[in-house]
Amino acid sequence: MTPRKRFGQHFLTDENVLERIVNVFHPADNELVLEIGPGSGALTERLLDRIGHLTVVELDRDLAATLSEKYDSDRLTLFQSDILNFEIASVFNCSELTGNVPPVISDDLKNETSNKVRIIGNLPYNISTPLLFHLLKSVEHIQDMLFMLQKEVAQRLSAAPGSKIYGRLSVMAALELDCQCLFDVPPQAFDPPPEVESTVIRLTPTPLSRAASRHVRDRIRLNEIVKLAFSQRRKTLRNSLQSIISAQQFKNARVDSSRRAENLTVNQFIQLSNA
């Protein structure tokens, strides 16, 4: 298959990297696994060597047709869909939607990972950030995620306050996820080679008992504040947020309005939102 530029396709072809990804993901046969953007199926094939059933979402009709022809429907449930419009909960209804039967899950595993899916994929760089925000909407259904991302995006995901790359994505991800950059992948591991380096990153939803998100009273308001603050990141918070936050509200939140967005912790953004 020839990679299509309009879909941002860069097929991972390096055998060692593919094997390393599957090894660190370490899927078990009784887990629900979703692969995003399987492309030519290089990772798909290795996953199916380890597990009995896999669900994939592929936008490209030709690639989807090729995968459908290659694998039996009792092993591969395929959604030909735009992942940005795909509901993660659909994975749990695949038997109803497609007639396929997902793997049997033991009672012990159900108790730990009920309605949880493991997600893996070599994400198209042109949609990686909006896709991550989309997946955060369904974080309660996700056990963990292992993604190949543009190195810059992976660094932003795991960035700490005070860093020049700390931004909206860093804050919103930290509300729900533990982010761990695992290893870098050079451009020559792909066909065609991208112009940037890539990083494999593991994203694990934080247990509710210690997730920062449990303190958020209004998620929409918080998102508005974070988005506006970082859209004018060189300005002080007093100036960038003056249209929605008063001096008294800064005082109530115990947040210094003379600071910039990149210097606020996730908890301080939550305090501002709640105030």
Side-chain angles (χ1 to χ4, degrees), residues 12 17-38 43-44 46-57 76-77 79 83-84 86-94 102-106 108-124 127-151 153-159 169-185 198-214 266:
L12 182 60
V17 175
L18 284 162
E19 194 65 23
R20 190 176 181 186
I21 288 173
V22 176
N23 285 339
V24 297
F25 187 60
H26 195 59
D29 200 29
N30 53 5
E31 293 174 330
L32 288 171
V33 179
L34 169 67
E35 183 186 2
I36 295 175
L43 189 57
T44 308
R46 284 161 179 79
L47 289 168
L48 285 172
D49 284 341
R50 309 272 187 107
I51 57 177
H53 183 274
L54 177 67
T55 300
V56 301
V57 178
L76 188 78
T77 297
F79 292 90
I83 188 62
L84 292 176
F86 183 77
E87 295 295 332
I88 297 302
S90 299
V91 175
F92 309 107
N93 301 322
C94 61
V104 175
I105 301 177
S106 68
D108 289 342
L109 188 66
K110 281 182 180 179
N111 292 335
E112 296 179 12
T113 61
S114 178
N115 282 352
K116 300 283 186 180
V117 61
R118 303 190 68 199
I119 306 178
I120 187 171
N122 171 24
L123 301 188
I127 67 160
S128 58
T129 298
L131 173 54
L132 289 166
F133 277 110
H134 175 64
L135 293 174
L136 283 172
K137 297 175 185 175
S138 302
V139 71
E140 72 275 11
H141 295 305
I142 298 171
Q143 182 177 333
D144 66 344
M145 299 176 276
L146 190 81
F147 291 140
M148 175 92 71
L149 295 169
Q150 183 177 341
K151 186 173 183 178
V153 176
Q155 289 175 331
R156 282 165 48 205
L157 270 167
S158 55
L169 184 59
S170 316
V171 173
M172 301 312 288
L175 286 171
E176 313 280 6
L177 304 171
D178 290 328
C179 306
Q180 181 186 12
C181 293
L182 300 179
F183 58 91
D184 295 336
V185 180
S198 305
T199 295
V200 173
I201 187 170
R202 188 193 307 278
L203 306 172
T204 308
T206 310
L208 186 60
S209 60
R210 61 181 180 87
S213 59
R214 77 185 193 279
V266 173

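- When the side chain to side chain contact (heavy atoms under 4.5 Å, CB included) test is applied to V139, the partners found at least two apart in sequence or on another chain are E176, L177, P205.
- Judged purely by atom type and a 3.5 angstrom limit, D29 uses its side chain to pair as donor or acceptor with the backbone of G52.
- Nearest heavy atoms, L146 versus I21: CD2-O, 3.6 Å.
- A distance of 9.0 Å separates CG of L135 from CG of L203, quoted to the nearest 0.5 Å.
- E140 and K116 get closest at one heavy-atom pair: O-NZ, 2.9 Å.
- Residues satisfying the side chain to side chain contact (heavy atoms under 4.5 Å, CB included) test with E19, not counting sequence neighbours, are N23, R46, R50.
- The salt bridge (Lys or Arg N to Asp or Glu O under 4.0 Å) check on R156 picks up nothing, with sequence neighbours excluded.
- Partners of T199 by side chain to side chain contact (heavy atoms under 4.5 Å, CB included), not counting sequence neighbours, listed by chain and number: K151, A154, C181, D184.
- Scanning all heavy atoms of the two residues, the minimum distance from R118 to E31 falls at NH1-OE1, 3.0 Å.
- Side-chain atoms of L47 and F25, non-hydrogen and from C-beta on, do get closer than 4.5 Å to each other.
- Between T129 and V153, some side-chain heavy-atom pair lies under the 4.5 Å cut-off.
- Among residues two or more places apart in sequence or in another chain, the side-chain hydrogen bond (donor to acceptor under 3.5 Å, both in side chains) test is passed with S128 by none.
- Taking every heavy atom of both residues into account, S209 and R214 meet most closely at O-CZ, 3.1 Å.
- Checked against side chain to side chain contact (heavy atoms under 4.5 Å, CB included), R20 has the following partners two or more places apart in sequence or in another chain: F183.
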